[in-house]
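Nothing here was measured: the structure is a model prediction, and the numbers come from that model. By convention in this document, chain letters (A, B, ...) are assigned in the order of the sequence lines, proteins followed by strands, and residues within each chain are numbered from 1.
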Amino acid sequence: MISTLSVANRIQDFVRDGNINDARQLLDQNHKSCDTVAWNSMITGYITHNQMQCAHKLFDQMPVRDVVSWNTMMSGFNKTKDPHKLYQLFLQMNRAGETPNQFTFSTAISGFLNAFDVLVPQLHGLILRLGLHSNVFVGSALMRGYTHLADRESLQRVFDDVVVKDVSTWNALLVGYMELGLTDEAETIFDNMPEVNIISSTTLVNGYIINSKIDQARSIFDDMLQKNVVTWTAMIKGYTQYDNCIEAIQVFILMLKSGVCPNHFTLSTVLDACARCSTFHLGNQLHSCILKKGLHCEVVLLTALIDMYTKCGDIEAGFCVFESMEKKNTVSWNSVIGGCARHGLAKRALCEFEKMIESGFKPDHVTYINLLSACVHGGLVKEGERHFNSMGERYGIKPEMKHYSCMVDLYGKSGELEKAEKLVKEMPFEPDVGVWGALLSACGLHSCYEPANALENLAHDHPTIYSMLVKLHSEKGEWSRAIEMRKKMIEIGARQQKAGSRLDLV
DNA sequence: CTAGGGTTAG
């Protein structure tokens, strides 16, 4: 006869060794005599091996649930990023009369972020009542919550309430201040921390980046004695984000020289840099790197790869990567449809869209921007119109400014200027540069000046609009007005956008 | 047996 304690222990041993089936068999054999710890261990086993359904089923079947059972299940839904299921479980737990503990709150709060941010103050109230506010885990979860809510005072108060702070508590405060845009305060906090680690410094670097202070980020970055893959990736991303892709790639090369190995986060970022400055050579080499490292299952990474290929001119390679993907998501589909649009393959874009729907993916607003811009390139007015009109009722996607400017462009390029103008008048927002630009370029294309005249006083601060007006006036032979426009452009320091083509960097 | 910081794509 085996004691129940040893059943729990043996289940844990099996789980540690990855023998999940043996663990289950043991549980089933001792079904009647098992204690809750054994059941909980089995649930933990399923969760660590990414078998959430099995875990849930077992949770429903177990005879007695304790607070650990609930917490474990909640941590599973946290791991699978399922805030709604997590919330339901939290409610169920309370209904079942189980009192939440510090584990419950730290898991629940972090799982609720982005979905139920508004619950944070209420949970905080509950935490105070249960006297759990001095726990470090609960504290950092709450701090992240208040950061999301942009509530600086509560952030600080929660921090103060954590009596015995550790480095993570301080780091959470750093993140908070940085995300609230308080870079000076964050720097002061950093300087006064009793202990810092690589995460603290990386938080500082990233904080300066998200606050558009790239040079300060670089200065901290350069002073760091130890940098890991996260630090390097943050810096590369910073340069990429502000369109200094050459520097981004150079930092990447420094990273390789320093001996730190890039991961899928790094590679996605560098591919984005390659895409933005058409650095095909490096992008292509990174593809080999991905295959060698066995990263071909990373959806985000492969999507970045598709985007790089299509933006560097190799649409076929883009298709090839896309077809090879075992798992896809909406973004992957969008990027292939966008690739078709850029390459003028309008029919193919429509076709990929149909396939996307057939495969059960839900389009979003980007899908429609890409689809409509494909229609613009292919002059497919009817199809564009059809999709523009149906996106709301079929998928609940409200047309945004970008969709309107695509439609204006579509009508404009195919000579239907009245329809274009009508749409501009009817649209539910104040038209932006994109929309006016599309209309003006249509005027230029079809030598139609009527709508253009009305746009003259809207040209302020928009170099594109100025240059288009100059072009239109010149075409019409109205030289004095063209010159006047040029003068204005010089006055406000507007320059024509520089065109660029491929750059070979490495 | 259960919990927390910094990095990725359209």
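One atom, CZ of A/Phe159, and another, P of B/dG5, lie 17 Å apart when rounded to the nearest Å. Residue A/Tyr239 contributes atom OH, which lies 18 Å from atom P of B/dT7 at whole-angstrom precision. B/dA9 atom P lies 12 Å from atom CD1 of A/Ile236, rounded to whole Å. One can place CD1 of A/Ile220 at 18 Å from P of B/dG6, the figure rounded to the nearest angstrom. Rounding to whole angstrom units, CG of residue A/Leu58 and P of B/dT2 are separated by 15 Å. Here the P atom of nucleotide B/dG4 and the CD1 atom of A/Ile109 are 12 Å apart, to the nearest Å. Atom CG of A/Leu305 and atom C1' of B/dT8 are 13 Å apart (whole Å). Residue A/Leu86 contributes atom CG, which lies 12 Å from atom C1' of B/dA3 at whole-angstrom precision.
The side chain of A/Asn171 lies closest to B/dG5 when the candidates are B/dC1, B/dA9, B/dG5. Comparing atom distances between the A/Thr269 side chain and each of B/dC1, B/dG4, B/dT8 picks out B/dT8 as nearest. Of all nucleotides listed (B/dG6, B/dA9, B/dT8), B/dT8 comes nearest to the side chain of A/His264. Comparing B/dA9, B/dT8, B/dG5 by their nearest atom to the side chain of A/Thr303 picks out B/dA9. Here B/dT8 is the nucleotide among B/dT2, B/dT8, B/dT7 with the atom lying nearest to any side-chain atom of A/Ser268. Here the nucleotide nearest the side chain of A/Asn197, chosen from B/dG6, B/dC1, B/dG5, is B/dG5. For A/Val136, whose side chain is taken as the heavy atoms from C-beta onward, the closest listed nucleotide among B/dG5, B/dG4, B/dA9 is B/dG4. In the set B/dG6, B/dA3, B/dA9, B/dG6 carries the atom at the smallest distance from any side-chain atom of A/Thr231. Of the candidates B/dA3, B/dC1, B/dT8, B/dC1 carries the atom nearest the A/Val37 side chain, counting heavy atoms from C-beta on. Distance from the side chain of A/Asn71 is smallest for B/dT2 among the nucleotides B/dT7, B/dT2, B/dG5.
Side-chain atoms of A/Asn135 stay outside donor-acceptor range of the base of B/dG4, with no qualifying N/O pair under 3.5 Å. Residue A/Ser140 places a side-chain atom within donor-acceptor reach of the base of B/dG4, judged by atom type and a 3.5 Å distance cut-off alone. With hydrogens and angles left out, the side chain of A/Ser106 and the base of B/dG4 share no donor-acceptor pair within 3.5 Å. No N or O donor and acceptor, one from the side chain of A/Asn101 and one from the base of B/dA3, sit under 3.5 Å apart.
Distance alone, capped at 3.5 Å, is enough to place a donor-acceptor pair between the A/Tyr242 side chain and the A/Ile209 backbone.
For the pair A/Asn40 and B/dT2, the criterion of a side-chain N or O lying under 4.0 Å from OP1 or OP2 is not met. For the pair A/Lys237 and B/dA9, the criterion of a side-chain N or O lying under 4.0 Å from OP1 or OP2 is met. Distances shown here put every side-chain N or O of A/Arg144 at or beyond 4.0 Å from the OP1 or OP2 atom of B/dG4. Using a 4.0 Å cut-off, some side-chain N or O of A/Gln12 falls inside it from OP1 or OP2 of B/dC1.
Put simply, A/Phe103 rests on the base of B/dT2: the two rings are less than 5.5 Å apart at their centres and nearly parallel, under 30°. In this structure, A/Phe137 forms no aromatic stack with the base of B/dG4, since the conditions of centre separation below 5.5 Å and plane angle below 30° are not both met.
Here B/dG6 is in the anti range [glycosidic angle more than 90° from 0].
Pairs of residues two or more places apart, or lying in two chains, that qualify as ring-ring contact (aromatic ring centres under 6.0 Å, His included) and include a residue from residues 164-214 of chain A are A/Phe159-A/Trp170.
Defined by atom type and a distance below 3.5 Å, a donor-acceptor pair is missing between the side-chain atoms of A/Asn171 and A/Ser168. A/Tyr46 and A/His56 share no side-chain donor-acceptor pair at under 3.5 Å.
At the heavy-atom level, A/Thr104 lies nowhere under 4.0 Å from the strands shown. Within the nucleic acid shown, A/Ser168 comes within 4.0 Å of at least one base atom, counting heavy atoms only.
Less than 6.0 angstrom separates the ring centroid of A/Phe353 from the ring centroid of A/His387.
Using a cut-off of 4.0 Å between Lys/Arg side-chain N and Asp/Glu carboxylate O, A/Asp13 and A/Arg16 are scored as salt-bridged.
Cation-pi geometry between A/Arg95 and A/Phe90 is not met: the NZ or CZ atom fails to fall both under 6.0 Å from the ring centre and inside 45° of the normal.
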